[in-house]
Amino acid sequence: MPVKIAFIGAGSVGFTRRLTLDVLTVPELQDTQFAFHDINPRNLDMVAQLCAKDIRENKLPAKLTSHRERRAALEGADYVINCTRIGGLEAFQLDIDIPLTYGVDQCVGDTLCAGGIMYGQRNIPQILDFVRDMKAVSKPDVLFLNYANPMAMNTWAALDAYDRGQGVNTVGLCHGVEGGWWQIDQALAVYHGDADETVDFRQRTQVVCAGINHQTWYIRVRYKGRDVSGEELLRAFEAHPEFRKSEKVRIDVLRRFGYFSTESNGHLSEYVPWYRKRPGEIKQWIDLSCWINGETGGYLRVCTEGRNWFETDFPKWLAEAGKPIKQEERSHEHGSYIIEAIETGRPYRGHFNVRNNGCITNLPPDCIIEAPGYVDEFGIHMTPIGDLPLACAATCNASISVQRMAKEAAVSGDVTLLKQAMLHDPLVAAVCSPPEIWQMTDEMLVAQARWLPNYRHAIAAAKKRLATGPRIKTRVWKGAARLKVKSVAELRRQQEASVLAADKAAAKRARAAAAAVKKNGAGAQGG
């Protein structure tokens, strides 16, 4: 029987289509039944049109259906992929803008800090609804593949429900380990004069990476068959012409911990108390060449620009859809490889977010870790790690305590516990006093009330506290490094300029090669 894969939040434009194409690169999965669900009918229809054309033009037997009703999409599913953003960009903007008035400057705000904690309050009730529906109508052994942030909190809540017999087996998936892995390989290759774009970074450099999502640590690195010390890796990053500018936070943590961390400069900077607490110092730790390097609200900006551009240029996207699906264009996202491994028995090694259960011995057994494992027809199998280095474990444990409180607050609707999670968040605590944290949390609850059914009973009291209690003065602040949202016209001009610059660079390289041939003779082309 064909495999059925359901997508919740299928209106996630690029991500749903990318994962669908990844699955279709596998010959045994080219008859997959895809079921797309989203509460936004316009986004759902646009993504479904793109994917349907990809299937049709490649003459594949796969089937695709779209559903406004979630259970219809989940019925009989073997795998369910979650790509949701509860509250959309409107709630996301509140996650960034309200904390800014209290001095909390975030780059992303989707995993920890004030924004990540509130994102979890919106997501977790929906995650619990998802797994209840899967338990009721999907296949008995359905696997829930969660891509939505905050990754650890969402996966933790889903697995708690599974352990109570009220949910389904769940794994959290992220591509952060692969991104940092590539950077380590590039830094070492440039440092040792081995730069060669044709080499697969995973073949030249091997890693053992473990911790928690977005705070995973490369505790062992092997380059071309030999172990690399923290000192050598630090020298390589400090010498790299790009990374020494764009990864100042991660390099500083590497300098002080002896280990490199996953995720971007911007992500890491908002998970710890050291780099974004003083507005005047933030710019010295970030780089504005790309949002992910630390720009204030950077991810919100690019998501907004991407949505606006897609909605405007959808006819062009649709006209270009249906190109040949090529194996070499398959992404590094884990989802399709996990499904392939379970369905075909071909093993796959990756990094997965699962219950710890003693895998990392100096992190709590019930927390959600990200660590290496492999998948085959019998499921996901994790590799025992042992202890993390003490500084790495200390940083993870601080975040785990916040995750635990925030997860429990979301499940129970406990406002006090939510405020205590905010109080213990490393960056929020570095910037705000306890009274400020209490007021900020009330303000975020009231502003996001429509997406917080778990706090329905508490919103009126929060409104009353804000209306009648002594108010702490806040400020209007756009952050230390906020850039404006580009219009579609500006984005188009930027793309055209990038293409032109690339064409000029290619032409320059061609002229140089031709000049070398002319100077040295035709034989110079050989080799």
Side-chain angles (χ1 to χ4, degrees), residues 85-126 149-150 153 157 270-271 273 276-279 282 296-297 299-300 304 401-480 482:
R85 181 192 296 280
I86 306 302
L89 296 183
E90 185 178 359
F92 191 6
Q93 181 155 357
L94 295 169
D95 288 340
I96 299 298
D97 288 353
I98 292 175
L100 275 173
T101 66
Y102 291 84
V104 181
D105 186 305
Q106 302 167 94
C107 173
V108 185
D110 69 357
T111 297
L112 282 170
C113 204
I117 291 170
M118 287 307 298
Y119 196 16
Q121 306 313 296
R122 301 193 302 272
N123 267 273
I124 287 172
Q126 301 304 316
N149 285 315
M153 294 184 212
E270 65 189 9
Y271 302 152
R276 302 186 79 97
K277 65 181 177 182
R278 298 189 185 111
I282 290 175
T296 300
Y299 190 45
L300 172 63
T304 304
S401 292
V402 175
Q403 292 168 354
R404 185 193 305 279
M405 286 186 282
K407 181 260 300 182
E408 290 295 333
V411 171
S412 61
D414 186 329
V415 174
T416 300
L417 190 55
L418 172 60
K419 291 176 176 178
Q420 290 168 346
M422 292 279 192
L423 185 69
H424 285 84
D425 179 82
L427 181 56
V428 174
V431 173
C432 297
S433 68
E436 289 171 329
I437 292 169
W438 255 238
Q439 180 177 293
M440 179 182 71
T441 307
D442 277 343
E443 194 174 334
M444 296 184 83
L445 283 168
V446 171
Q448 300 189 17
R450 78 189 88 166
W451 304 293
L452 296 170
N454 40 341
Y455 289 98
R456 190 179 297 110
H457 67 286
I459 299 297
K463 286 182 179 178
K464 184 176 180 180
R465 286 191 294 271
L466 291 172
T468 61
R471 289 295 299 267
I472 298 168
K473 188 176 180 180
T474 57
R475 57 176 168 156
V476 177
W477 188 42
K478 292 184 178 180
R482 195 91 182 244

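For the salt bridge (charged side-chain N to carboxylate O under 4.0 Å, His left out) condition, the pairs that include at least one residue of residues 87-115, sequence neighbours left out, are Glu90-Arg450, Asp95-Arg122, Asp97-Arg482, Asp105-Arg276. Counting only residues at least two apart or on different chains, no salt bridge (charged side-chain N to carboxylate O under 4.0 Å, His left out) pair has a member in residues 431-441.
Checking Tyr455 against Gln448 by side-chain atom types alone, no donor-acceptor pair falls below 3.5 Å.
Every residue meeting the salt bridge (charged side-chain N to carboxylate O under 4.0 Å, His left out) condition with Arg465, not counting sequence neighbours, appears here in chain and number order: Asp442. By the side chain to side chain donor-acceptor pair (under 3.5 Å) test, Asp425 pairs with no residue at all, sequence neighbours left out. With sequence neighbours excluded, no residue forms a side chain to side chain donor-acceptor pair (under 3.5 Å) with Thr441. Scored by the side chain to side chain donor-acceptor pair (under 3.5 Å) test, Glu408 finds no partners at all (sequence neighbours excluded).
Side-chain N or O atoms of His424 include none that pairs as donor or acceptor with a backbone N or O of Met405 at under 3.5 Å. Checked by atom type and distance alone, the side chain of Asn454 pairs as donor or acceptor with a backbone atom of Gln121 at under 3.5 Å. Between the side chain of Gln106 and the main chain of Gly115, a donor-acceptor pair closer than 3.5 Å is present. Between the Glu270 side chain and the Gly109 main chain, a donor and an acceptor come within less than 3.5 Å of each other.
Considering OH of Tyr119 and CD1 of Ile86, their distance stands at 7.5 Å, rounded to 0.5 Å. Put simply, CG on Leu100 and CZ on Arg475 are 8.5 Å apart, with the number rounded to the nearest 0.5 Å. One distance of note links NZ of Lys277 with CD1 of Ile282; it measures 11.5 Å at 0.5 Å rounding. One distance of note links NZ of Lys463 with OG1 of Thr468; it measures 13.5 Å at 0.5 Å rounding. Taking CE from Met440 and CD1 from Ile98, the interatomic distance works out to 9.0 Å, rounded to the nearest 0.5 Å. Taking OG of Ser401 as the start and CD of Gln420 as the end, the distance is 12.0 Å to the nearest 0.5 Å.
The minimum heavy-atom distance between Val415 and Ala458, with the atom names listed, is CG2-CB, 3.4 Å. What you find for Ala406 and Ala421 is that their closest heavy atoms are N-CB, 3.8 Å.
Counting non-hydrogen atoms of neighbouring residues, nucleotides and ligands closer than 6.0 angstrom, the CZ atom of Arg456 reaches no more than 12 such neighbours. Open room surrounds OH on Tyr299; 12 or fewer heavy atoms of other groups in view lie less than 6.0 Å from it. Atom CZ of Arg471 is surrounded by more than 12 heavy atoms from other residues, nucleotides or ligands within 6.0 Å.
By the 4.5 Å heavy-atom criterion applied to side chains, Met444 and Ile117 are not counted as neighbours.
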